Number of protein chains: 2
Amino acid sequence: MVTIGDVARVAGVSRSTASYALSGKRAISPEVRHRVAAAVERLGYTPNAGARALATSQTKVLGLLARVLEDEFAPAMMQYILGVTDGARDLGYDTLLVSEEDGVRALRRLADSRMVDGFVLLNVAEHDDRLPVLRDARQPGALVGLPADTAGVDVFDHDFAAVGRVMVDHLHALGHRELILVSQPEHVVARGGAYVWRLADAARQQAEERGITLHARFAASGQPEIGRELDAILDAHPGATGLLLNNEAAAAALPGVLTERGLRSPRDLSVIGRYSDDFARTFSLPYSAIDSAAGELGRLAVAQLVARIEHRLAEEAPHVVRLIPPVFTDRGSTAAPRPVS
Amino acid sequence: MVTIGDVARVAGVSRSTASYALSGKRAISPEVRHRVAAAVERLGYTPNAGARALATSQTKVLGLLARVLEDEFAPAMMQYILGVTDGARDLGYDTLLVSEEDGVRALRRLADSRMVDGFVLLNVAEHDDRLPVLRDARQPGALVGLPADTAGVDVFDHDFAAVGRVMVDHLHALGHRELILVSQPEHVVARGGAYVWRLADAARQQAEERGITLHARFAASGQPEIGRELDAILDAHPGATGLLLNNEAAAAALPGVLTERGLRSPRDLSVIGRYSDDFARTFSLPYSAIDSAAGELGRLAVAQLVARIEHRLAEEAPHVVRLIPPVFTDRGSTAAPRPVS
DNA sequence: CTGAAAGCGCTTACAG
DNA sequence: CTGAAAGCGCTTACAG
């Protein structure tokens, strides 16, 4: 293995000079700098990451803690992860991805062994058991997902409350007076998916303020249950003219359900979903939908985290809670309700 | 930070003894072993990963090189990644995930800086530019995806040729004599997705052997193009009674297309797809399909890689090329073709 | 502008 | 069964 000692010897300088020439941390004569650069080039030198980490207490690695809840659709996490890994690389960091069941253990292991300079937590729950450990760690952390207690961490998430309000307002403005909201399965919520509540509560409150009816329901995250459940939900609320879907599986199942019932959207039913353009395009989800870019959230979290790691933030800079606003993509699945016959 | 020196002092032994007590690499008196364990417990000691890596030349980290081709559906990669990260953890390794555009650079960086003990490459192309670099690296590598030249690496992939044969045979046995195969977009293939060819070639050959007709077509990876293209393809081959889909977007778009045309599966058209149960469930893909578990592939690759890293394989143990067989999931979308009227 | 030396926190021959 | 010491490959005060 070629070390900085080899570089120094070939360049005819001391190891410290070689090191400084590479880091640029002190003035070096142009002549020496070139000799060192040539030696590096000739020998194909790359610093040993472990040695550097030991000497500097910096690993240039970020820990990314993913978390797959039961019944959650894991692939949906990919966009967040790519946002983090790409964002990290742009800032000079690599990313250690951890998916193990026991996030607390993983966090402790990476923190205590000094494998990473900071953490990004994905899929953060309302009362996430990883948070106390993160606050104890010497490395800073940024979250994707809004917990109840945001002390000591930087937080980034979609503004789910705004999503709920936008959904309701959009249909209300078109003249709808009775809506159904289909959320993700209740036990996903129970496991910590507070975002489901944030959206539902805001929708309910907005409906109340507008003086319209909102039926809020949970539903399965896949076939065959979701098809039957949608049918039952539509049966139960024959007066509803608008359907809000916070559940990708429901959006995918709905076209078939409507066809079976002889219904068409938006003629018989206005529909607004919540899913990414990417999913809509690949899986033919045909409804107008609200989303905000997942990758952007990952990048934001990383940028803030790296700023803290590198102390480009004042030591006491307040932690941020940043909720990014929803974006509405119109696919023509909403219209004024049909006049009551 | 608490170091092994602290542990040694508290336990009243030398640092080497403390180290040996922890590693178990030499006999230690029970008494001393307990004192060391107690000290570790009391101080909350965890070895510094960088220091250990420097001393042992082992990082206990695997490099995972993902690669997202243009127009590929990134989330589909998630299952492979989770197979790798979970598999690695079970064997005592962490995973550094790299998604950067320039895989060659990334590979070189991780290899030369000694950040990882081995590599897993995802989405390996027929002539993958990362392979020469991997062969030059001192760390071993395992691939998910079958390249043209498999020298010096362990290879794991789906048996796409078998998938093609199974698809054709299944419909041939039911009495079909004219089939259509819809593959992924041609430029995905051009970028290295040789698996598309492997499936298509095998299907074509099998059709020939069976004496039946197979029309092979490429199609878009999403809406709105895919819907129109499916329509055009069906228009072009009115005599076809069976449809083979190596394209998730096509499977998602087909129900709507068939409904529009007043057709039903399997009555008017037998359909076999290729996608995971997970996708089928979440996105209401209704067709019988062939797949093999992506996560398993990731785990297999990691297991073999770790065996090499830890020299549990004879130094000259031949590299493996392992193709895992397809599994058919029947969703009732195939039947005998209707008698010609 | 440059060099000799100490130190980061481990592991592991070497010696007893 | 245990300890003193060297060494892994860097960086960075200290000295000139």
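Since this is a predicted model, take the numbers as computed values, not measurements. Chain identifiers are assigned alphabetically (A, B, ...) following the order of the sequence lines, protein sequences preceding nucleic acid strands; residue numbering begins at 1 within each chain.
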Legend entry - B:Arg322 vs B:Asp154, salt bridge (charged side-chain N to carboxylate O under 4.0 Å, His left out): CA-CA, chis, key distance, verdict: CA-CA 8 Å; B:Arg322 182 142 164 225; B:Asp154 291 302; over 6 Å; no
Legend entry - Criterion salt bridge (charged side-chain N to carboxylate O under 4.0 Å, His left out) on B:Arg299 and B:Asp90, from CA distance to verdict: CA-CA 10 Å; B:Arg299 282 185 172 272; B:Asp90 289 347; 3.1 Å; yes
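With hydrogens and angles ignored, a donor-acceptor pair closer than 3.5 Å exists between the side chain of B:Arg26 and the base of D:dG3. Residue side chain B:Tyr20 does not reach the base of D:dA4 through any donor-acceptor N/O pair under 3.5 Å, judged by distance alone.
A salt bridge (charged side-chain N to carboxylate O under 4.0 Å, His left out) with A:Glu100 is found for one member of A:Arg109, A:Arg108, A:Arg67 and no other, namely A:Arg109.
In this structure, A:Asn48 places its CG atom 13 Å from C1' of D:dT11, rounding to the nearest Å. Residue A:Arg9 contributes atom CZ, which lies 15 Å from atom P of C:dG3 at whole-angstrom precision. A:Ile4 has its CD1 atom 8 Å from the C1' atom of D:dT11, to the nearest Å. Whole-Å rounding puts the B:Leu43 CG to C:dG9 P distance at 14 Å. Rounded to whole angstrom, the span from the CD1 atom of A:Ile28 across to the C1' atom of C:dG3 amounts to 11 Å. One can place CG of B:Asp6 at 9 Å from P of C:dC10, the figure rounded to the nearest angstrom. Between the C1' atom of D:dC10 and the CE atom of A:Met1 lies a distance of 10 Å, rounded to the nearest Å. If you measure from atom CG of A:Leu54 to atom P of C:dA6, you get 17 Å, rounded to the nearest angstrom.
A 3.5 Å limit on both hydrogen-bonding distances identifies no Watson-Crick or G-U partner for D:dA4. Checking C:dA13 for Watson-Crick or G-U wobble geometry (two distances, each under 3.5 Å) identifies no partner in any strand.
As judged by a 4.0 angstrom heavy-atom cut-off over every strand, A:Ser29 is placed among residues touching the sugar-phosphate backbone only. The residue B:Ser16 sits close to a base: some heavy atom pair falls under 4.0 Å.
With hydrogens and angles ignored, the 3.5 Å screen pairs no side-chain donor or acceptor of A:Asp86 with any backbone N or O of A:Gly83. Using a distance-only test at 3.5 Å, with no hydrogens or angles considered, no donor-acceptor pair links the side chain of B:Thr95 to the main chain of B:Leu97.
When the nucleotides C:dC10, D:dC10, D:dA4 are ranked by their closest atom to the side chain of A:Tyr45, D:dC10 comes out on top. Nearest to the side-chain atoms of B:Thr56 among the listed nucleotides C:dT11, C:dG3, D:dT11 stands C:dT11.
Side-chain contact of A:Ser16 with A:Ser19: a donor-acceptor pair under 3.5 Å is absent, judged by distance alone.
Take the nearest nucleotide of DNA chain D for A:Ala55 and for B:Ala55: the residue whose nucleotide is more 5' is B:Ala55. Comparing B:Ala51 and B:Thr17 by the nucleotide of DNA chain C that holds the closest heavy atom to each, the one mapping nearer the 5' end is B:Ala51. Closest-nucleotide positions on DNA chain D for A:Leu22 and B:Ser57 were compared, and the one nearer the 5' end corresponds to B:Ser57.
Contact annotation: A:Ser14 side-chain N/O to C:dT2 OP1/OP2 distance is not under 4.0 Å. Under 4.0 angstrom from either OP1 or OP2 of C:dT11 there lies no side-chain N or O belonging to B:Lys25.
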